[in-house]
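Written below as structure tokens is the structure these notes are about.
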Amino acid sequence: MSSAHQTLGVFSNRNLGEVDDKRFAIVVAEWNEEVTERLYNGALSTLLNEGVRETNVVRKEVPGSFELSLGAQYMAQWKEIDAVICLGCVIRGETPHFEYICQAIAYGLTEVGLKYNKPVVFGVLTTDSHEQAMDRAGGKFGNKGSEAAITAIKMLNF
Ligand code: RBF
């Protein structure tokens with residue numbers, strides 16, 4: 001089955017476990033801000049709905065998605081942070097080196113998670129158009145920021 005329209009949201013409330021003492025960093029790319037702000041709002045509201053304390057969530061910004069890896073590393077190195085949620089949006093039509101950026105982020109975030117042994121979540125939309133991105137940032141295909149938050153919680157309860 002194609003996963004193009006699948007969301008984690010439909011099974012998001014199972015096996016979440018306790019989170020009220022967990023501390024999260026959300027790293028947000030400023031590039032394509034209209035989209036990434038929606039991803040952030042989705043991620044934050046989901047964390048709070050699941051019982052995370054607002055004082056246990058810190059928000060940091062990076063200029064573009066390419067900087068998410070280093071931003072994630074800055075946050076993951078702190079023992080006070082349990083999980084890092086990275087939010088960005090790379091649009092193919094506006095980014096000639098789209099593949100390089102997306103691949104670099106995927107490798108970078110994987111490496112940070114493995115290095116610090118913490119969930120580092122890839123909440124980066126990689127779409128052909130702005131419209132497709134908006135559809136996945138609180139539009140008709142849900143909010144990938146919310147799904148990134150659920151993923152972080154699930155991995156903390158692995
Ligand atoms: N950053 C994004 O987060 N999303 C983009 O769609 C995006 N497109 C870019 C297109 C061009 C031509 C350039 C030069 C940069 C783009 N960036 C984008 C910024 C990139 O992630 C990074 O911040 C800069 O390349 C500086 O390292």
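Atom set for the values below is all heavy atoms of this structure, side chains included, hydrogens, waters and symmetry mates excluded. Atoms within a ligand are numbered from 1 in the order they appear, just like the ligands themselves.
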In terms of residue, atom name and distance, what is the protein heavy atom nearest to [atom]?
atom                    : answer
atom 8 (N) of ligand 1  : Thr95 OG1, 3.0 Å
atom 13 (C) of ligand 1 : His97 CE1, 3.5 Å
atom 21 (O) of ligand 1 : Phe66 N, 3.0 Å
atom 16 (C) of ligand 1 : Trp31 CZ2, 3.3 Å

Tell me whether [X] has any N or O atom under 3.5 angstrom from an N or O of ligand 1.
X     : value
Cys89 : yes
Ser65 : yes
Pro96 : no
Ala29 : no

Co-membership, hydrophobic cluster, residues Val19 and Ile81, 4.5 Å side-chain: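 Cluster IDs for Val19 and Ile81 differ.
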
Does [X] reach the main-chain N or O of [Y] with its side chain, forming a donor-acceptor pair under 3.5 Å?
X     : Y     : answer
Arg23 : Glu80 : yes
Lys60 : Gly71 : no
Thr36 : Val28 : no

Location of contacts on Asn32 toward ligand 1, heavy atoms closer than 4.0 Å: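 For Asn32, the contact with ligand 1 is made by the side chain alone.
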
Proximity winner for atom 24 (C) of ligand 1, if only heavy atoms of His130, Arg92, Glu67, Glu30 are counted: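 When every heavy atom of His130, Arg92, Glu67, Glu30 is considered, Glu67 comes closest to atom 24 (C) of ligand 1.
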
Is it the case that more than 12 heavy atoms not belonging to Phe66 sit under 6.0 Å from its CZ atom?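 No - once you tally the heavy atoms of other residues, nucleotides and ligands closer than 6.0 Å, there are 12 at most.
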
Hey, is Glu37 close enough to Arg59 for a salt bridge, meaning N to O under 4.0 Å?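 Answer for the salt bridge query: yes.
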
I'd like to check Val90 versus Ile105 (side-chain heavy atoms, cut-off strictly below 4.5 Å). Are they in contact?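 Answer yes - side chains close enough.
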
Close side-chain approach of Met134 and Val35, heavy atoms under 4.5 Å: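 Yes, side chains in contact.
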
Can you list the atoms of ligand 1 that are under 4.0 Å from a heavy atom of Ile91?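 Result: 6 (O).
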
